Amino acid sequence: NGNEGIETVSSRVIAVILDIKMEGKNGFETFIEIKKKNLYLPIIFHSAYQDLKNPFEIMNDYRPFGYVIKEGEGKELLDTLESAVSYYLQIIKNAVLMKELEKSEKNYRDLVENSLDIIFSLDSEGRILSIIQSVSRILKYSTNDIMNKKFIDLVFKSNSINEKFAQEKFQELLHSTDVLSF
């Protein structure tokens with residue numbers, strides 16, 4: 001019955017085939033309760049009672065994974081169930097990948113923000129586009145103070161030999177795909 005179906009739904013369930021006419025809660029009420037427990041769980045209505053409600057209305061009102069009329073050998077139901085299982089397994093896989101991505105992004109942020117290196121990106125004119133927050137700790141600049149300023153202007157006095165060397169290295173960087181250190 002509907003109540004037993006609702007209670008049975010757990011994280012181990014990957015698809016539900018639901019009749020419309022059942023003891024206790026009907027299929028529509030059961031559908032709503034199951035979706036409250038797991039919004040993405042694919043539910044297939046399988047019923048012989050099309051006279052209760054038009055199948056097209058059911059599809060529009062409830063948005064089940066599928067609606068299969070009880071008749072024949074059941075191939076359509078098995079095909080729909082196979083699609084539902086594949087769909088849900090992909091959802092589970094995507095959820096796992098999202099958790100891994102979030103963990104990776106957190107690790108990256110922790111690594112970069114706690115770095116003793118100054119990590120930044122420049123435009124083709126040598127202006128700072130982005131820079132890690134640790135620049136405040138390392139150089140005593142706030143990130144807002146140095147955004148859009150030329151890197152060369154921040155680290156060298158005008159017309160020094162080091163500035164000319166750095167400008168040459170910067171030009172070399174613009175025409176290369178290699179990492180540049182100096």
Side-chain angles (χ1 to χ4, degrees), residues 1-115 117 119-124 128-135 143-144 147-148 173-174 176-179:
N1 69 35
N3 290 328
E4 289 171 342
I6 294 164
E7 289 175 21
T8 303
V9 170
S10 69
S11 61
R12 294 178 43 215
V13 175
I14 58 176
V16 173
I17 299 171
L18 195 57
D19 201 347
I20 292 174
K21 253 188 162 182
M22 297 186 291
E23 289 182 29
K25 292 186 182 206
N26 68 30
F28 304 125
E29 296 166 324
T30 303
F31 178 93
I32 291 167
E33 293 300 316
I34 290 173
K35 285 296 186 174
K36 286 179 184 175
K37 289 178 81 171
N38 185 338
L39 181 62
Y40 300 107
L41 184 64
I43 299 175
I44 302 164
F45 281 121
H46 186 232
S47 181
Y49 296 99
Q50 288 71 257
D51 56 331
L52 292 178
K53 193 169 187 177
N54 182 317
F56 294 107
E57 287 180 36
I58 293 169
M59 292 299 285
N60 286 331
D61 293 347
Y62 293 93
R63 305 273 187 211
F65 187 85
Y67 184 100
V68 179
I69 297 169
K70 284 185 183 178
E71 64 183 9
E73 77 231 24
K75 179 165 177 19
E76 184 182 357
L77 178 61
L78 291 175
D79 290 345
T80 305
L81 180 59
E82 183 179 0
S83 294
V85 168
S86 294
Y87 162 82
Y88 196 65
L89 291 176
Q90 188 62 49
I91 286 177
I92 292 169
K93 182 179 178 182
N94 289 348
V96 168
L97 290 173
M98 285 301 294
K99 285 182 182 178
E100 288 175 9
L101 179 61
E102 289 168 2
K103 182 179 175 185
S104 176
E105 286 175 343
K106 182 189 179 309
N107 289 343
Y108 173 79
R109 279 192 306 276
D110 289 345
L111 178 68
V112 169
E113 290 304 322
N114 293 326
S115 173
D117 294 326
I119 302 169
F120 56 94
S121 62
L122 305 173
D123 67 10
S124 61
I128 297 174
L129 296 175
S130 65
I131 192 160
I132 63 172
Q133 294 293 324
S134 62
V135 71
T143 54
N144 292 336
M147 292 299 289
N148 295 314
L173 175 65
L174 284 176
S176 170
T177 57
D178 296 333
V179 173

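Excluded from the calculations below are hydrogen atoms, water molecules and symmetry mates; all remaining heavy atoms, backbone and side chain alike, are included. It should be emphasised that the depicted structure is a prediction, and the values quoted were computed from it without experimental measurement.
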| task | Please test Leu122 against Ile128 for side chain to side chain contact (heavy atoms under 4.5 Å, CB included), starting from the C-alpha separation and ending with a verdict. | result | CA-CA 5 Å; Leu122 305 173; Ile128 297 174; 3.7 Å; yes

- Query: Any donor-acceptor pair under 3.5 Å linking the side chain of Glu33 with the backbone of Thr30?
  - Reply: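 Not confirmed, Glu33 side chain does not pair with Thr30 backbone.
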
Hey, is the main chain of Glu100 close enough, under 3.5 Å, to the side chain of Ser104 for a donor-acceptor pair?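 Not confirmed, Ser104 side chain does not pair with Glu100 backbone.
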
Note to self: Any donor-acceptor pair under 3.5 Å linking the side-chain atoms of Tyr88 with those of Asn38?
What the structure shows: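 Side chains of Asn38 and Tyr88: pair found under 3.5 Å.
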
### Query
With a 3.5 Å cut-off and no angle check, do the side chains of Gln90 and Asn94 form a donor-acceptor pair?
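The criterion, which ignores hydrogens and geometry beyond distance, is satisfied for Asn94 and Gln90.
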
[Y] side chain reached by [X] side chain, heavy atoms, under 4.5 Å:
X	Y	answer
Ile92	Tyr40	no
Ile119	Ile131	no
Asn60	Arg63	yes

Note: Lys99-Glu102 ion pair, threshold 4.0 Å (strictly below):
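Not counted as a salt bridge, because no side-chain N and carboxylate O are separated by less than 4.0 Å.
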
message: How about CD on Glu82, more than 12 heavy atoms from neighbouring residues, nucleotides or ligands closer than 6.0 Å, or not?
response: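 Result for CD/Glu82: open.
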
| query | Got a sec: does the CD of Glu23 have more than 12 other heavy atoms crowding it under 6.0 Å? | reply |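 No.
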
query = Between Phe56 and Tyr67, does the ring centroid distance fall short of 6.0 Å?
reply =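 Aromatic pair excluded; centres sit 6.0 Å or further apart.
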
| request: Evaluate the ring planes of Tyr87 and Phe65, with Trp represented by its six-membered ring, and classify them as parallel (under 30°), tilted (30 to 60°) or perpendicular (over 60°). | output: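 Taking Phe65 first and then Tyr87, their aromatic rings sit tilted (interplane angle of 30° to 60°).
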
Handout entry: Minimum-distance pair of heavy atoms, taken over all atoms of Glu29 and Gly24
Key =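 Closest pair (atom of Glu29, atom of Gly24, distance): OE1-O, 4.4 Å.
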
Over all heavy atoms of both residues, which pair between Pro64 and Ile58 is shortest? Give the atoms and the distance, please.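 Looking at all heavy atoms of both residues, the shortest contact is CD-O, 3.8 Å.
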
